[in-house]
Amino acid sequence: MEKVRRLTTMTPTMHDWIGNWQPGREEVDDHVDPARLHSLAATLDLAVSPAGTVPPLWHWLYCQSPWPLSSDLGEDGHPADGPFLPPIPHRRRMFAGGRLGITEPLTVGEPVHRQAEVVDVAVKNGRSGEMLFVTVRHEYRQRGVVRIVEEQDLFYRSAAGGALSGDVNRNPLGESRTPWVSNPRLSSPLLFRFSALTANAHRIHYDAEYATAVEGFPALVVHGPLLAVHMAELVRAKAADRAVAALTFRLQRPVFMGDVVRVEGTPTADGAELTVVSGSGVTHASATATFVP
């Protein structure tokens, strides 16, 4: 009897919560509207591709999941339920990285279809406790042909786990030793506009009180995908005559509002290596771009 009592009072684990989780497939149709490209360009103070195609990673503006009712959002701003959201109590989500292959960029002014499904689920233990890693594969098609294949790595933790550590880093940046450099101007309005354009209602990006008091961050959190876009844009600015065939990016440490950061890049024989660094020399994100031969 004592053994049964101990078993029934054990704290559920990630494996218990996701034991019967069977995420389905999502399919979304959209139109590659140039207005959204201009909106993101204005948000980032960047130029839109003049060739009538969508720049690398800007495909995130299209084929977004249907917007839920505001009443169907969870406390964190994400939908309380969705095809790729694991059934974890007090779920906290972060973007860990991804990789994509571009057979051909999306063409502006044409319909586009996205098909997505979960292709991997793994439970791991970290400093903040158990974490669930979920990989979602996306395929973007135009005229029935796959143009982009992307895999996104997301990780989840429960509120039962500890908060992710980190401090705002205002240390000045030293002189860069890389041939490619950009200095993104991060601001609260920029984070808000990027959230709106990418349909990301996660409150850590625009609600400072929630980010600090509830999730334990020292300030607003800069979107991981925004860091990836800045790295991709450095390639587009410095190698405008080269098309990107593949891009892999990893988000290693959050960037907080107030951090002093810089994007650095080094061209290679077939592409470029990119990083986002802060004044203390910490690498927050990294990426590898591969050019079309």
Enumerate, atom names and distances included, each donor-acceptor pair closer than 3.5 Å involving a side-chain atom of residues 95-103, sequence neighbours excluded.
unit_1	atom_1	unit_2	atom_2	d
Arg99	NE	Glu151	OE1	3.2
Arg99	NH1	Asp153	OD2	2.8
Arg99	NH2	Glu151	OE1	3.3
Arg99	NH2	Asp153	OD1	2.9
Arg99	NH2	Asp153	OD2	3.1

Does any donor atom in the side chain of Trp58 or Glu233 lie under 3.5 Å from an acceptor atom in the other side chain?
yes
Look only at the side chain of Arg236 and the backbone of Pro55, and say whether a donor-acceptor pair between them is shorter than 3.5 Å.
no
Between Leu44 and Val181, is there a shared hydrophobic cluster once you connect ILVMFWY residues whose side-chain heavy atoms come closer than 4.5 Å?
no
Residues Thr266 and Glu273: side-chain donor-acceptor under 3.5 angstrom:
no
Are Tyr206 and Leu226 linked, directly or through intermediate hydrophobic residues, by side-chain heavy-atom contacts shorter than 4.5 Å (ILVMFWY only)?
no
Shortest non-hydrogen pair, Ala211 vs Ala219, comes out as CB-O, 3.9 Å
Given Arg143 and Glu110, is the salt bridge (Lys or Arg N to Asp or Glu O under 4.0 Å) satisfied, shown in steps?
CA-CA 9 Å; Arg143 301 185 181 183; Glu110 294 191 3; 2.5 Å; yes
Please say whether more than 12 non-hydrogen atoms of neighbouring residues, nucleotides or ligands are located less than 6.0 Å from CG in Asn20.
no
Is any side-chain heavy atom of Val222 less than 4.5 Å from a side-chain heavy atom of Leu227?
yes
Specify the closest pair of heavy atoms between Val221 and Pro254, including all atoms of both residues, with the distance to one decimal.
CG1-CB, 4.4 Å
Which heavy atom of Val235 sits nearest a heavy atom of Ala272, and at what distance?
CG2-CB, 4.3 Å
Gln115-His138 side chain donor-acceptor pair, cut-off 3.5 Å:
no
Student check: side-chain heavy atoms of Asp120 and Val134 closer than 4.5 Å:
no
Hey, could you give me the CZ/CZ distance between Arg92 and Arg157, rounded to the nearest 0.5 Å?
6.0 Å
Test side chain to side chain donor-acceptor pair (under 3.5 Å) on Ser278 and His284; report intermediate values, then the result.
CA-CA 7 Å; Ser278 60; His284 294 261; 2.9 Å; yes
So Val277 and Val282, side chain to side chain contact (heavy atoms under 4.5 Å, CB included) or not? Walk me through it.
CA-CA 6 Å; Val277 299; Val282 172; over 6 Å; no
Non-hydrogen side-chain atoms of Pro23 and Pro83 separated by less than 4.5 Å:
no
4.5 Å side-chain heavy-atom contact, Pro86 and Leu132:
yes
Kindly write out the residues that satisfy side chain to side chain contact (heavy atoms under 4.5 Å, CB included) with Val292, not counting sequence neighbours, or none if the list is empty.
Ala243, Ala245
Same hydrophobic cluster for Phe194 and Leu46, using side-chain heavy-atom links shorter than 4.5 Å among ILVMFWY?
yes
Do Thr135 and Val118 make a side-chain contact, defined as non-hydrogen atoms from C-beta onward lying under 4.5 Å apart?
no
Determine whether more than 12 heavy atoms belonging to other residues, nucleotides or ligands lie under 6.0 Å from atom CZ of Phe192.
no
Interatomic distance, Thr53 atom OG1 to Leu37 atom CG [nearest 0.5 angstrom]:
9.0 Å
Evaluate Phe133 against Val121 for side chain to side chain contact (heavy atoms under 4.5 Å, CB included), listing each step before the verdict.
CA-CA 6 Å; Phe133 284 80; Val121 177; over 6 Å; no
Any donor-acceptor pair under 3.5 Å linking the side-chain atoms of Thr13 with those of Glu130?
no
Among Arg141, His59, Glu139, the one residue meeting side-chain contact (heavy atoms from CB on, under 4.5 Å) with Ile148
His59
In this structure, CG of Leu234 is separated from OG of Ser182 (nearest 0.5 Å) by 4.5 Å
Just verifying a value: how many Å separate Leu61 CG and Leu106 CG, rounded to the nearest 0.5 Å?
10.5 Å
Are any non-hydrogen side-chain atoms of His78 and Leu73 less than 4.5 angstrom apart?
no
Of all heavy-atom pairs linking Phe249 and Ala228, the shortest is CD1-CB, 3.8 Å
Are Tyr156 and Ile18 linked, directly or through other ILVMFWY residues, by side chains that come within less than 4.5 angstrom of each other?
yes
Are the side chain of Thr178 and the backbone of Trp180 linked by a donor-acceptor contact shorter than 3.5 Å?
yes
Any side-chain heavy atom of Val276 within less than 4.5 Å of one from Met231?
yes
From Leu85 atom CG to Leu154 atom CG, the distance as rounded to the nearest 0.5 Å
9.0 Å
Verify, without hydrogens or angle tests, whether Tyr62 (side chain) and Asp33 (backbone) share a donor-acceptor contact under 3.5 angstrom.
yes
Under 4.5 Å between side-chain heavy atoms, hopping through other hydrophobics if needed: is there a path connecting Val136 to Val146?
no
Member of Glu215, His202, Arg203 meeting the side chain to side chain donor-acceptor pair (under 3.5 Å) criterion with Tyr210
Glu215
Answer yes or no: is there a donor N or O on one side and an acceptor on the other, between the side chain of Asp259 and the main chain of Val261, under 3.5 Å?
no
Residue pairs involving residues 169-196 (criterion salt bridge (charged side-chain N to carboxylate O under 4.0 Å, His left out); sequence neighbours excluded):
none
Minimal heavy-atom distance between Ala232 and Pro56, with the atoms involved, is CB-O, 4.1 Å
CZ of Arg262: more than 12 outside heavy atoms within 6.0 angstrom?
yes
Which heavy atom of Pro105 sits nearest a heavy atom of Gln142, and at what distance?
O-OE1, 4.4 Å
Side chains of Gln252 and Thr283, donor plus acceptor under 3.5 Å
no
Val54 vs Val32, side chain to side chain contact (heavy atoms under 4.5 Å, CB included): CA-CA, chis, key distance, verdict
CA-CA 8 Å; Val54 176; Val32 184; 3.6 Å; yes
Under 4.0 Å between a Lys/Arg side-chain N and an Asp/Glu carboxylate O for Asp30 and Arg36?
yes
Heavy-atom side-chain contact between Val263 and Pro184 under 4.5 Å:
yes
Between the side chains of Asn200 and Ser195, does any donor sit under 3.5 Å from an acceptor?
no
Charged N to carboxylate O under 4.0 angstrom, Arg114 versus Glu26?
yes
Looking at Trp21, I'd like to know if its CH2 atom is crowded, meaning that more than 12 non-hydrogen atoms belonging to other residues, nucleotides or ligands lie closer than 6.0 Å.
yes
Is it the case that more than 12 heavy atoms not belonging to Asp81 sit under 6.0 Å from its CG atom?
no
Stepwise, does the side chain to side chain contact (heavy atoms under 4.5 Å, CB included) test hold for Glu150 with Trp60?
CA-CA 11 Å; Glu150 176 188 13; Trp60 287 333; 2.9 Å; yes
